[in-house]
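Shown next, in structure tokens, is the structure this report addresses.
Order of appearance sets the numbers: ligands from 1, and atoms from 1 within every ligand. The model shown is predicted, which means the values in this text are computed figures rather than measured ones.
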Amino acid sequence: MTTVAQFTIDYVQFLDHQSKVVQPLPSFAQDLSQLKDMYRSMMLTRILDTKAVNLQRMGKMGTYPSSLGQEAYAIGMGYALQPHDIFCPYYRDQGCMLKRGVKASEILAFWGGDENASHYTHPAIHEDFPIAIPVASQTLHAAGIAYALKIRKQKRAVLTTVGEGGTSKGDFYEAMNFAGAQHLPVVFVINNNQWAISVPRSLQSGAKTLAQKAIAGGFPGIQVDGNDIIAVRYVIEQALATAREGGGPTLVEAVTYRLCDHTTADDAKRYGNKAELEQAWQYEPVARLRNYLQQQNAWNDQDEKQLQQTCTAEIDQAIQEYLQLSPQPLTTIFDYMYAKPPKSLATQREEFAQTNQLK
Ligand SMILES: Cc1ncc(C[n+]2csc(CCOP(=O)(O)OP(=O)(O)O)c2C)c(N)n1
């Protein structure tokens, strides 16, 4: 018997759980002003999440999926992307979207039920996709867009994201297969936050890592400490550069932990593991970077207070903008799926409008 193929999955981390540097930092991370900028983005996202959940609790917004504990994963991606790349997000990527230039008020408006909010006002990202709610569907969109970029010979890359639960879906495997077979400029990032609503990672897959799912697609998979923003940005920057240069796809598994409920429609206390959650708080990404900055004498309590104030003011302003928007007519739930709706849907719309005395 001979071995016909062998594979390895690497794990990348720069700052360990105690914020200690475990290998030489990449050049961007030697620049403390860049790290402070990244810290600011994480703080902004955390405050947006807290206030968005409160808005839902007050009945002023629809369902909202917090990204608490997953800020490094999202913002690391945001810093790795270039404006001309294309982002196909899933519903827990508000940190990356903010960094891309989506307004916080647009994110709130989307979760408030306004589809127009996905028509981002920032001119550089008008090709970014709307948030995908159907699990893993965005991975197929990303492969399709990457195929178009390849045909057009454009030096751009597509980045798409999926939860670890989404990697059990056929859509994900089909997207990976197509991307590998066609050598497409796409990077798939898994937010392995250990839970798919109430299903734990241990029941999701028998595979030791989720990164190894890339192997069957014929391209590299790599695992990264998803709570170490330096590692996330570094690995994804490299994967995107490879994609833009014609080197094909990469799958990145970012290992995080969902410190919040799945969404505002969930109560994780009913199924979660309290001890595991308490432990996960010890490794969370915002404190990880703050501790490092403090160790470098680049951050103090006064900086922290000031940052919290400016981020709070920015999000409060976005909330005001959101609350001033006029609610969309209920009939809009029929309006954006088809350019020309099929007859059955048109009839339903008509009935719905008549029953509710709407236009
Ligand atoms: C096709 C489809 N099936 C079911 C759902 C309902 N649903 C929403 S989120 C979710 C779990 C997804 O978990 P995971 O992929 O791990 O991502 P996470 O929410 O943990 O970030 C499910 C089953 C859906 N949105 N789409």
**Asked** Considering distance alone, does some N or O of I133 sit under 3.5 Å from an N or O of ligand 1?
**Response** yes
**Message:** Is the shortest side-chain heavy-atom distance between W195 and Q204 below 4.5 Å?
**Reply:** no
**Item:** Numbered atoms and elements of ligand 1 in range of E164, under 4.0 angstrom, heavy atoms
**Value:** 16 (O)
**Message:** Taking the six-membered ring of Y173 as reference, does the cationic atom of K213 (NZ for Lys, CZ for Arg) lie under 6.0 Å from its centre and within 45° of its axis?
**Reply:** no
**Message:** Any heavy atom of R92 closer to ligand 1 than 4.0 angstrom?
**Reply:** yes
**Message:** Below 3.5 Å, N or O to N or O, backbone or side chain included: is there any such pair between I197 and ligand 1?
**Reply:** no
**Atoms of ligand 1, numbered as shown, that sit under 4.0 Å from any heavy atom of P134** = 26 (N)
**Request:** Please say whether K169 places an N or O atom under 3.5 Å from an N or O atom belonging to ligand 1.
**Result:** no
**Request:** State, with a plain yes or no, whether a side-chain heavy atom of L149 is found less than 4.5 Å away from one of V158.
**Result:** yes
**Complete:** Quick look: R258 vs ligand 1, heavy-atom contacts under 4.0 Å, and the answer is neither
**Message:** Starting from atom 15 (O) of ligand 1, what is the nearest protein heavy atom, named by residue and atom, and what distance separates them?
**Reply:** G166 N, 2.8 Å
**Message:** In the structure I gave you, are the side-chain heavy atoms of W299 and L32 within less than 4.5 Å of one another anywhere?
**Reply:** no
**Geometric cation-pi criterion R290 and Y39, 6.0 Å radius, 45° cone** = no
**Item:** Atoms of ligand 1 close to A196 [distance to a heavy atom under 4.0 angstrom, numbered from 1]
**Value:** 13 (O), 14 (P), 16 (O)
**Message:** Could you check whether atom 24 (C) of ligand 1 has a protein contact, counting only heavy atoms that fall below 4.0 angstrom?
**Reply:** yes
**Asked** Counting from 1, what ligand 1 atoms have a heavy atom of G165 closer than 4.0 Å?
**Response** 14 (P), 15 (O), 16 (O)
**Prompt:** How does N193 reach ligand 1, by side chain, by backbone, by both or by neither, if only non-hydrogen atoms under 4.0 Å count?
**Reply:** side chain
**Asked** Of the listed options (Y90, W195, Y91), which comes nearest to atom 12 (C) of ligand 1 when hydrogens are ignored and any heavy atom counts?
**Response** Y91
**Request:** Do me a favour and list the nearest non-hydrogen protein atom to atom 5 (C) of ligand 1 with residue, atom name and distance?
**Result:** V135 CG2, 4.0 Å
**Request:** Report yes or no: do Y234 and D228 form a side-chain donor-acceptor pair below 3.5 Å?
**Result:** no
**Aromatic ring proximity, centroids under 6.0 angstrom, F334 and F352** = yes
**Request:** Establish, from distance only, whether the side-chain atoms of T45 and Q94 form a donor-acceptor pair under 3.5 Å.
**Result:** no
**Message:** Whether the S27 and Q30 side chains hold a donor-acceptor pair (N or O, under 3.5 Å, no angle test) is what I'd like checked.
**Reply:** no
**Parallel, tilted or perpendicular: rings of Y64 and W111 (30°, 60°)** = perpendicular
**Message:** Yes or no, since that's all I need: does a protein heavy atom fall within a distance strictly under 4.0 Å of atom 3 (N) of ligand 1?
**Reply:** no
